[in-house]
Trainee: 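Starting off with a structure, shown below.
Since the model is a prediction, treat every value here as computed from it, not as a measurement.
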Amino acid sequence: MSRAGRPILVLVGTQDIVNIAGAVRLARNFGLESMRLVSPRIFDPWRIEGIAHNTADFVSRITVHDTLEEAVADCVFLAGLTARERTAKRRTLRPRAAAAELEDRAADGPVAIVAGREDSGLTNEELDRCHALVTIPTAPDHRSLNLAQAVGIMAYETWLARGGEAGGLKPPRRVAPRAPAAKLELLFRDWERTLWAIEFFKTRQPGIVMRSVREAFFRTDLDWREASLLRAMALETVRYLERTQTPFAVPEHLRDVGRE
């Protein structure tokens, strides 16, 4: 989607500049490009940039309006955030469905997410201007969300609707192959030797313990580097005991383990 097709974030009657800055940061996180403020109690671009670092380009594009009517005059679809249930029958959507509709309607012109005051949200008259209402499901006994939090949830959903996950997760810098069976067997032998050396089996049955160790390592699906690291830990434990001349005893079949 082009920048012009991304939802506009409209905040009405904001009272705390920290919430404006939080919304700015979230807008940048999730690819929104413009914000319009309606009668904010305070608007100080310098302070906003100080709170939401590296957002000067975004803040420079913020416009301030006297009324919601003026702020959204060019918009073809408005999604109004609200936590209040209304007696009048209104079309109400969850954030994901609202994000999908914002994406669809953007083909026809500017679309906007509208959020209201920190203490009371949008008025009934302001909600009447919205084509659909958006409610974020929360615990019934504590419905209200912080303004920036609500904006963040909605901005994230619009990001997903625009294919924000398409890039996928960054792969590791170096890909290690899976640890082969032979390497894992060396790992298990080294750990068994180490557990004997620290007298871990004094009150435990070695066979049962080592079976659990095997199962735990198998579940982690170790790669080559991870198996090597864990084996090195076991070997170094015994070498430390040897360097410090700490007496220890291991069964005959494990005395030369790790020395190949």
Trainee: Given side chains that start at C-beta, do those of Ser228 and Lys183 come closer than 4.5 Å, heavy atoms only?
Mentor: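 Counting from C-beta outward, Ser228 and Lys183 do come under 4.5 Å.
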
Trainee: According to the salt bridge (Lys or Arg N to Asp or Glu O under 4.0 Å) rule, which pairs have a member within residues 205-217, sequence neighbours left out?
Mentor: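 Listed once each, the pairs are Glu185-Arg214, Glu215-Arg219.
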
Trainee: Does Trp224 belong to the same Ile/Leu/Val/Met/Phe/Trp/Tyr cluster as Leu222, with side-chain heavy atoms less than 4.5 Å apart forming each link?
Mentor: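 Looking at the clustering, Leu222 is in a separate group from Trp224.
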
Trainee: I need the Ile153 CD1 to Ile136 CD1 distance, nearest 0.5 Å.
Mentor: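 So the CD1 of Ile153 and the CD1 of Ile136 are separated by 4.0 Å.
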
Trainee: Closest approach of Leu187 and Arg231, non-hydrogen atoms and distance?
Mentor: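 Scanning both residues, the minimum pair turns out to be CD1-N, 3.4 Å.
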
Trainee: May I have the step-by-step check of salt bridge (Lys or Arg N to Asp or Glu O under 4.0 Å) for Glu242 and Arg193, ending in yes or no?
Mentor: CA-CA 13 Å; Glu242 292 173 339; Arg193 177 171 178 259; 3.7 Å; yes

Trainee: Side chains of Glu101 and Val111: does their closest heavy-atom pair fall under 4.5 Å?
Mentor: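 Side chain of Glu101 against side chain of Val111, heavy atoms only: no contact under 4.5 Å found.
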
Trainee: One pair to check against side-chain contact (heavy atoms from CB on, under 4.5 Å): Val213 and Met210. What are the steps and the verdict?
Mentor: CA-CA 5 Å; Val213 169; Met210 290 310 301; 4.3 Å; yes

Trainee: Determine whether a donor-acceptor pair (N or O, by modelled atom type, separation under 3.5 Å) exists between the side chain of Glu70 and the backbone of His65.
Mentor: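 It does not hold such a pair.
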
Trainee: If we ignore hydrogens and angles and just use 3.5 Å, is the side chain of Arg105 paired with the main-chain N or O of Phe77 as donor and acceptor?
Mentor: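 Absent.
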
Trainee: Looking at Thr158, is its backbone amide N or carbonyl O close enough to the side chain of Arg162 to form a donor-acceptor pair, meaning the two atoms are under 3.5 Å apart?
Mentor: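 Pair found, side chain donor or acceptor close to backbone of Thr158.
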
Trainee: Where is the tightest heavy-atom contact between Leu122 and Gly116, given as atom of each residue plus distance?
Mentor: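 That would be CD2-CA, 3.5 Å.
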
Trainee: How long is the straight-line distance from CZ of Arg129 back to CD of Glu69, given to the nearest 0.5 Å?
Mentor: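 CZ of Arg129 is found 4.5 Å from CD of Glu69.
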
Trainee: Would you mind telling me which of Leu32, Leu9, Ile51, Val59 makes a side chain to side chain contact (heavy atoms under 4.5 Å, CB included) with Val24?
Mentor: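 Testing Val24 for a side chain to side chain contact (heavy atoms under 4.5 Å, CB included) against Leu32, Leu9, Ile51, Val59 leaves exactly one candidate, Val59.
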
Trainee: If you take all heavy atoms of Thr135 and Pro95, which pair is closest and at what distance?
Mentor: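 Of all heavy-atom pairs spanning Thr135 and Pro95, the closest is O-CD, 3.4 Å.
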
Trainee: So do Val64 and Pro40 actually touch side chain to side chain, heavy atoms under 4.5 Å?
Mentor: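 Yes; the side chains approach each other to less than 4.5 Å.
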
Trainee: If hydrophobic residues (ILVMFWY) are linked whenever their side-chain heavy atoms come closer than 4.5 Å, directly or via other members, who joins Leu160 in its cluster?
Mentor: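 Once heavy-atom contacts under 4.5 Å are chained together, Leu160 belongs with Leu26, Phe30, Tyr156, Trp159.
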
Trainee: Going through the checks in order, is the side-chain contact (heavy atoms from CB on, under 4.5 Å) test met by His131 and Val76?
Mentor: CA-CA 9 Å; His131 298 79; Val76 299; over 6 Å; no

Trainee: Answer with yes or no whether the hydrophobic clustering places Phe218 together with Leu229; edges join I, L, V, M, F, W, Y residues whose side-chain heavy atoms lie under 4.5 Å apart.
Mentor: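 Both belong to a single hydrophobic cluster.
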
Trainee: So how far is it from Arg96 CZ to Met154 CE, rounded to the nearest 0.5 Å?
Mentor: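 The CE atom of Met154 is 10.5 Å from CZ of Arg96, to the nearest 0.5 Å.
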
Trainee: Hey, could you give me the CZ/CG distance between Arg189 and Leu254, rounded to the nearest 0.5 Å?
Mentor: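 One finds 8.0 Å between CZ of Arg189 and CG of Leu254.
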
Trainee: Which pair of non-hydrogen atoms, one from Leu37 and one from Phe43, has the smallest distance, and what is that distance?
Mentor: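 In terms of heavy atoms, the two residues are closest at CD1-CD1, 3.5 Å.
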
Trainee: Roughly how far, to the nearest 0.5 Å, is CZ of Arg41 from CD1 of Ile17?
Mentor: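 Ile17 CD1 to Arg41 CZ: 12.5 Å, rounded to 0.5 Å.
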
Trainee: For Val134 and Ala98, work out which heavy atoms get closest and say how close.
Mentor: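 Closest pair (atom of Val134, atom of Ala98, distance): CG2-CB, 3.5 Å.
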
Trainee: Assess the residue pair Phe217 and Leu184 against the criterion (side-chain contact (heavy atoms from CB on, under 4.5 Å)); give the C-alpha distance rounded to whole Å, side-chain angles, the decisive distance to 0.1 Å, and a yes or no.
Mentor: CA-CA 9 Å; Phe217 283 151; Leu184 290 177; 5.6 Å; no

Trainee: Would you call Glu126 and Arg117 a salt bridge, taking side-chain N to carboxylate O under 4.0 Å as the test?
Mentor: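 Arg117 and Glu126: salt-bridged.
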
Trainee: Examine distances only and state if a side-chain atom of Glu226 and a backbone atom of Asp223 form a donor-acceptor pair shorter than 3.5 Å.
Mentor: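 Yes; at least one donor-acceptor contact below 3.5 Å.
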
Trainee: If we only count heavy atoms from C-beta on, is the Phe201 to Glu192 side-chain gap below 4.5 Å?
Mentor: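 Yes, side chains in contact.
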
Trainee: Using only atom types and a distance under 3.5 Å, with no angle test, would you say the side chain of Thr14 pairs donor to acceptor with the backbone of Leu11?
Mentor: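 Flag not set: sc Thr14 to bb Leu11 has no pair under 3.5 Å.
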
Trainee: Ignoring hydrogens and angles, tell me if any N or O in the side chain of Trp191 forms a donor-acceptor pair with the backbone of Leu230 under 3.5 Å.
Mentor: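 At least one qualifying donor-acceptor pair exists.
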
Trainee: Shared ILVMFWY cluster between Val250 and Phe188, side chains joined below 4.5 angstrom?
Mentor: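 Result: yes, single cluster for both.
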
Trainee: Got Ile113 and Val151 here, is their nearest side-chain heavy-atom distance under 4.5 Å?
Mentor: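 Counting from C-beta outward, Ile113 and Val151 never come under 4.5 Å.
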
Trainee: Do you know the tightest heavy-atom contact between Gly80 and Cys130?
Mentor: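 Looks like CA-SG, 3.6 Å.
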
Trainee: So, Arg36 side chain and Ala112 main chain: donor-acceptor pair closer than 3.5 Å or not?
Mentor: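 Between the backbone of Ala112 and the side chain of Arg36 there is no qualifying donor-acceptor contact (under 3.5 Å).
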
Trainee: State whether Arg243 and Glu236 are salt-bridged, where the test is any N-O pair (Lys NZ or Arg NE/NH1/NH2 against Asp/Glu carboxylate O) under 4.0 Å.
Mentor: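 Salt bridge flag = yes for Glu236 with Arg243.
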
Trainee: Could you grab the distance from atom CD1 of Ile198 to atom OH of Tyr240, nearest 0.5 Å is fine?
Mentor: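 With rounding to 0.5 Å, CD1 (Ile198) is 13.0 Å from OH (Tyr240).
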
Trainee: With sequence neighbours excluded, tell me which residues meet side chain to side chain contact (heavy atoms under 4.5 Å, CB included) with Asn54.
Mentor: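 Here no residue qualifies.
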
